[in-house]
Novice: 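The following block contains the structure, expressed as structure tokens.
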Amino acid sequence: MNNRLNIAKTYKLYIDGKFVRSESGRFEALQINEDSVVVNICRASRKDFRNAVSSSRKAVDGWWARTAYNRSQILYRIAETMDGRKEQFLEELQCCGMKTKAAEKEFETAVDRFVYYAGWADKFQQLFSTVNPVSSSHFNFSLPENQGVIAIMAPISSPLTGLVSLIAPAICAGNTVVCLTSGNASLAGITLAEALHASDVPAGVVNLLTGIESELAPHFASHLDVNGIVYGGSDSHISKQIEVDAAENLKRVKIFLNGDWSDEAIHSPYDILQHCEIKTTWHPIGT
Amino acid sequence: MNSHILNFYTTPIVDEIGVKERVARLNSRSVKKQSKMAALHLALSMIDLTTLEGMDTPGKVIQLCQKAKYLHAPFSDLPMVAAICVYPTLVKTAKQELEGTAIAVASVATGFPSGQTDLQSRLAEITYAIEEGADEVDMVISRGKFLAGEYESVFEEIARAKEICGKVHLKVILETAELTTLDQVRRASEIAISAGADFIKTSTGKAKTGATQPVTLVMLETIRDHHLKTGEKIGMKPAGGISDSKTAIRYLVMVKETLGVEWLTPKLFRFGASSLANDVLMQIAKQKGGAYQSADYFSKG
Amino acid sequence: MVDLKDFTENYAPAPEGVEHVKLKDSYHLFINGEFQKPTSGKTMTTINPATEEKLAEVAFADEQDVNAAVKSARDAYTNIWSKLPQKERGKYIYRIARAIQERSREFAIIESLDGGKPIRESRDVDIPLAAAHFFYNAGWADKLEYAFPGRKANALGVAGQIIPWNFPLLMAAWKIAPALACGNTVVLKPAETTPLTALKLAELFQDIDLPPGVVNIVTGDGSTGSNLVSHPDVNKVAFTGSTAVGKSIKKTLAGTSKRYTLELGGKAAHIIFEDAALDQAVEGIVNGIFFNQGHVCCAGSRLYVQEGIQDELLAKLKSRMESLIIGDPLDKNTDIGAINSKNQLDKIQELTFSGKDQGGEIYQSDSCSLPEKGYWFHPTLITNVSQSHRVVQEEIFGPVLAIQSFRTVEEAIEKANNTPYGLSGGVWTDKGAKLFKITKKIRAGVMWANTFNKFDPASPFGGYKESGVGREGGLHGLYPYVELI
């Protein structure tokens, strides 16, 4: 018998590059295995969300101003860092009831997805840019720009791949994000935040909250300083209400009800384009 | 003379495409009926009837002067053209032929058309033209010096010319086709105006292209800006290639909408042209009689 | 005796002849290739805003009529349009383009009669661009496989399209052309005050034998549009109009799988640096705010002038305004026509007066007197205002320009972005690096650098933020009309 007492991990929110407890002091107790081991995770409040949005807003210009090459390297770095924490991720995925094989697949797909989007970070612009042959003496071109702050509600069904599939294209496009993970999916989510923290991702580019979807959805959808919202959950009532609330400042809305996140066909550069605005610029050609 | 502190390296920027768009918009003005008739008469009164050929003779100049005096016998209410424009050696002939009329005699000078000789000879030519009786002098600038960035030197040759001219009207020909950009046209216009030009003129008629609307608009805008700053009124003379009434009216619209009514007078606006007069006359006849005209019924100059 | 004042003072009237224009007394709904009476028998009157005279009676489409139009579009989609080879679809669209060109004069006159815009603009901008949109999109019909790398583009089905009154035929073309090119069929709802050119377009569709039901046109008011948006068999909604209506449409569509594009309001910043080509900038400003009486969602309605040149620029602008001719939209020399409706005039007046109440200084050129009948508003500058004034924040949609100064690049960018809108923006400077910094930093879908208010079918158009969702025009304008699989 080993007499050494285990050190349990404290799961916190990840806001503005720091691991903090919910300002509300609330927590949620998760039962993570059959032995009734309980983990307390933070139950984020609307104020935590507000703080996270402030952080993302503050970070967005800097993130967008970086070179695409640099964003690409940081995305790749995330994959590297995740890979080094494989054991922990697998353990936490199994807490969600995943079998070993399934957990491995979930983890590997998630890491590969960061590698995939790392590769796109300095290429999708070329795919979606156009030089437009206008009928006057003007040079006219269109290219994708970021949208700003994207709020993401991640699926519980796919704790890591689902979360990564939503975060990666959004930050690849130069946006900053505030994500919510819920229930047992929160564990892998927070560990992802730790990997991000160790991967040169600037503070505020990804903020990660743990909490209850139904409680936070109205705030995610109605915040006027959020430019886009992605719902990856499974509740069609929530998703519909998100669409209604998001109309107030015309957030860009993307709903993935019950998406199959392991499907390779689900990800493509068009997912990056979802998080872009197209800007067209005119300039005279003359002397 | 060298004490002026004007800086011609920082003249205002001109955007070519914007100028062309403005010209296109001005060209969409529809000048019809009594407005057209008025514009045609105005155009006629602003013409400097011009002959500037190596083969010009006193006989040719006399013919041109007679055309100026008797534009079109059947119409009695026509205005006179503004001036006759000739080489210096033919000034005396023109002056004699036009004695007793209000038609001025303009002489080109300063090594027209290229200006490529020494300044003393060029200035002496002005003195000669004035002695021969010229009322107006159309000088050319040294485009070579201008393009080499010797703006002070261009300023000085104009200022010296104006000194010699005194009260004789000095028109400064920029030869805009050789300046190549509208920025340069703007700069050359500013140099000419600040050096004392009474008129600025686009072209000699000897380069690849003569007056164009974009060039003229930029020159008009320079004149307007100078007027806003100083209250002085500088004249404008597009020359070369303006041969039909429709184009002439478009120029007048540009003047009207850029400088205003005050500039719509031969004192401040001229057309340097050889064949425009007859086209204007034919249009006037068409307006009066309703029928399209034939050149056979209009005397050649 | 010739009086020179006939030219030097004013141009003689140059009215566009209207003799050959054929307008009927009343127009029915265009459903399934035929003009059909509205089931309710209700009609609306469309007037000439320059004279307040009635032009025609136009049918009012209620829910039943909209249902019939959507059914017609669905049938045409299922039975005809989706079965047609792509290149044949393209040929129909080319035919439309050509037919518009052939009838351009008639379209231009009717556009000016019904909407109040100067004939110079309807003749030189609206109608040629409308034809160009059909021409541009026609060619895409059989080339969609090259537009979306790695994906196949499928049509969506029935598109419900609602267009505004500021560019009636042009907006119809913007919407119909890409929809048809991508294989969809259409139900179009023109604006209440300007239905006539869309109905003439319907006549043109008949003449070129466009298969019945491929495009249906239902006239009416907001309720007609609302019925179209909420119709369960519509797959795609395209709306151009106010931000408020756009938001309510988005709410209506919540929970459905309908796709949507929204082209909404704007309050564009127009920034003039001291190193700009000033005379051309003045033209850009005039074109930016007085084009189409300022009834332009991308109008440059907030002018920011660098402090050092403010006086000079304003003097030039005011002098330029002296030569603007306001009056009869059908006169070829008119620069500024009639305000589109009484409602719009009231709104412009109310907002302009609010500017005055809040301490703004109003400048209006008195070069032209306004006609007695009809709806008119002088081109207006408002100075001595700040970001907090309503005239700086709210879209006026009229010929009213709010002017402020700035000192630094950063200040210009900050003020430009200080708005919930993000449709367009303008910047004038001779320095390339500065220019690209500004065009990159301003959060707007269309940036005009050393130019303003340019449009082209090859050029994507659409807004950031509350100015809309999606793009129209160019390759990017195809996305909203396809499903990528």
Side-chain angles (χ1 to χ4, degrees), chain A residues 60-61 64-65 124 126-148 221 224-225 227-228 236-253 255 257 265 268-270 273-274 276-286, chain C residues 128-129 132 136 148-151 243 246-257 262 264 280 420 422 424 426 432 435-436 439-452 454-471 473-476 479 484-485:
Chain A
V60 73
D61 282 354
W64 174 234
F124 75 90
Q126 291 171 311
L127 204 61
F128 298 127
S129 294
T130 54
V131 172
N132 310 307
V134 294
S135 303
S136 57
S137 187
H138 290 91
F139 186 66
N140 175 298
F141 60 95
S142 302
L143 44 78
E145 289 194 341
N146 66 347
Q147 288 174 338
L224 293 180
D225 208 26
N227 303 96
S236 62
H237 295 292
I238 290 180
S239 72
K240 182 176 176 181
Q241 193 56 42
I242 284 175
E243 289 192 78
V244 172
D245 294 342
E248 213 37 67
N249 68 336
L250 290 173
K251 283 180 192 66
R252 280 52 178 144
V253 185
I255 307 285
L257 270 180
S268 77
Y270 294 95
L273 188 62
Q274 293 283 350
C276 292
E277 295 290 340
I278 296 296
K279 174 179 280 180
T280 299
T281 305
W282 294 69
H283 195 278
I285 303 172
Chain C
L129 263 183
Y136 173 82
F148 310 102
R151 287 286 186 271
T243 292
K247 289 179 183 179
S248 83
I249 287 176
K250 187 164 166 173
K251 286 178 189 171
T252 307
L253 297 179
T256 71
S257 59
L262 306 170
L264 310 175
Q280 289 74 59
S424 62
L435 184 142
F436 280 115
T439 55
K440 185 174 176 183
K441 286 273 185 174
I442 290 183
R443 306 292 295 166
V446 182
M447 285 303 300
W448 287 293
N450 292 328
T451 186
F452 207 92
K454 290 280 177 299
F455 308 95
D456 195 282
S459 176
F461 184 93
Y464 286 27
K465 304 200 285 188
E466 291 199 17
S467 286
V469 179
R471 294 294 174 269
L475 190 157
H476 292 93
Y479 280 91
L484 298 181
I485 52 167

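Convention: sequence-line order gives letters A, B, ...; per-chain numbering from 1. Basis for what follows: all heavy atoms, side chains included, without hydrogens, waters or symmetry-related copies.
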Novice: Can you tell which part of C:Tyr479 gets under 4.5 Å to a heavy atom of chain A, answering side chain, backbone, both or neither?
Specialist: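 Contact with chain A is through the side chain of C:Tyr479 alone.
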Novice: Tell me, side chain or backbone of A:Asp225 under 4.5 Å from chain C's heavy atoms, or both, or neither?
Specialist: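 Neither part, no heavy atoms under 4.5 Å.
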Novice: Measuring heavy-atom distances to chain A, does C:Pro460 have an atom under 4.5 Å in its side chain, in its backbone, in both, or in neither?
Specialist: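 Contact with chain A involves both backbone and side-chain atoms of C:Pro460.
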Novice: C:Phe455 vs C:Phe461 aromatic rings, parallel, tilted or perpendicular, using cut-offs 30° and 60°?
Specialist: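 Tilted, since the angle between the ring planes falls between 30° and 60°.
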Novice: Give, for atom NZ of C:Lys465 and atom CZ of A:Arg252, the distance between the pair rounded to the nearest 0.5 Å.
Specialist: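 Those atoms lie 10.5 Å apart.
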Novice: Check C:Glu466 with C:Lys247, please: is the shortest side-chain N to carboxylate O separation under 4.0 Å?
Specialist: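 So C:Lys247 pairs with C:Glu466 through a salt bridge.
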Novice: Name the region of A:Ser239, side chain, backbone, both or neither, that has any atom closer than 4.5 Å to a heavy atom of chain C.
Specialist: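 It is neither, since no heavy atom gets under 4.5 Å.
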Novice: Can you tell which part of A:Ser236 gets under 4.5 Å to a heavy atom of chain C, answering side chain, backbone, both or neither?
Specialist: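 When you check distances to chain C, no heavy atom of A:Ser236 falls under 4.5 Å.
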Novice: Quick one: what part of A:Leu224 sits under 4.5 Å from any heavy atom of chain C, side chain, backbone, both or neither?
Specialist: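 Neither the backbone nor the side chain of A:Leu224 comes within 4.5 Å of chain C.
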Novice: Test A:Glu277 against A:Asn227 for side-chain contact (heavy atoms from CB on, under 4.5 Å), laying out the working first.
Specialist: CA-CA 11 Å; A:Glu277 295 290 340; A:Asn227 303 96; over 6 Å; no
Novice: Given that the side chain runs from C-beta out, which part of A:Asn140 has a heavy atom under 4.5 Å from chain C: side chain, backbone, both or neither?
Specialist: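 The side chain, not the backbone.
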Novice: Report the C-alpha distance between A:Leu250 and C:Leu264 in whole Å, list the side-chain angles of each, state the deciding distance to 0.1 Å, and finish with yes or no for side-chain contact (heavy atoms from CB on, under 4.5 Å).
Specialist: CA-CA 10 Å; A:Leu250 290 173; C:Leu264 310 175; 3.2 Å; yes
Novice: Less than 4.5 Å to any heavy atom of chain C: does that hold for the side chain of A:Gln241, its backbone, both, or neither?
Specialist: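 Interface part for A:Gln241: neither.
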Novice: Is it the case that the side chains of A:Ser142 and A:Asn132 hold a donor-acceptor pair, with the cut-off being a distance below 3.5 Å and no angle test?
Specialist: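 Looking only at side-chain atoms, A:Ser142 and A:Asn132 do form a donor-acceptor pair, the distance falling under 3.5 Å.
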Novice: Mind checking the OG1-CZ spacing from A:Thr281 to C:Phe436? Nearest 0.5 Å is all I need.
Specialist: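 It is 7.5 Å, given to the nearest 0.5 Å.
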Novice: Of all the heavy-atom pairs spanning A:Pro144 and A:Trp64, show the shortest one and how long it is.
Specialist: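 What the structure gives for the nearest pair is O-CH2, 3.9 Å.
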Novice: Just by modelled atom types, is the A:Ser135 backbone N or O under 3.5 Å from a matching donor or acceptor in the C:Asp456 side chain?
Specialist: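 Yes, C:Asp456 side chain to A:Ser135 backbone: donor-acceptor pair under 3.5 Å.
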Novice: Which one of C:Gly150, C:Gly445, C:Gly463, C:Ala444 has the most heavy-atom pairs closer than 4.5 Å to chain A?
Specialist: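 Result: the option with the highest number of such pairs is C:Gly445.
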Novice: Taking every non-hydrogen pair under 4.5 Å, which of C:Ala132, C:Ala449, C:Ser248, C:Pro457 racks up the most with chain A?
Specialist: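 The answer is C:Ala449.
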Novice: Report which part of A:His237 has an atom under 4.5 Å of a heavy atom belonging to chain C: side chain, backbone, both, or neither.
Specialist: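 Neither part.
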Novice: Please classify the contact of A:Phe141 with chain C as side chain, backbone, both or neither, using a heavy-atom distance under 4.5 Å.
Specialist: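 The answer is the side chain of A:Phe141.
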Novice: Is A:Ile278 close to chain C through its backbone or its side chain, or both, or neither, when contacts mean heavy atoms under 4.5 Å?
Specialist: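 When you check distances to chain C, atoms from both the backbone and side chain of A:Ile278 fall under 4.5 Å.
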Novice: Once you round to the nearest 0.5 Å, how far does CD of A:Gln147 lie from CD of A:Gln274?
Specialist: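 Going from the CD atom of A:Gln147 to the CD atom of A:Gln274 covers 8.5 Å.
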Novice: C:Gly246, C:Ser467, C:Gly468: which one forms the most heavy-atom pairs within less than 4.5 Å of chain A?
Specialist: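 Most heavy-atom pairs within the cutoff with chain A belong to C:Gly468.
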Novice: Of the listed residues (C:Leu262, C:Thr439, C:Leu253, C:Thr256), which shares the most heavy-atom pairs with chain A below a 4.5 Å separation?
Specialist: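 The answer is C:Thr439.
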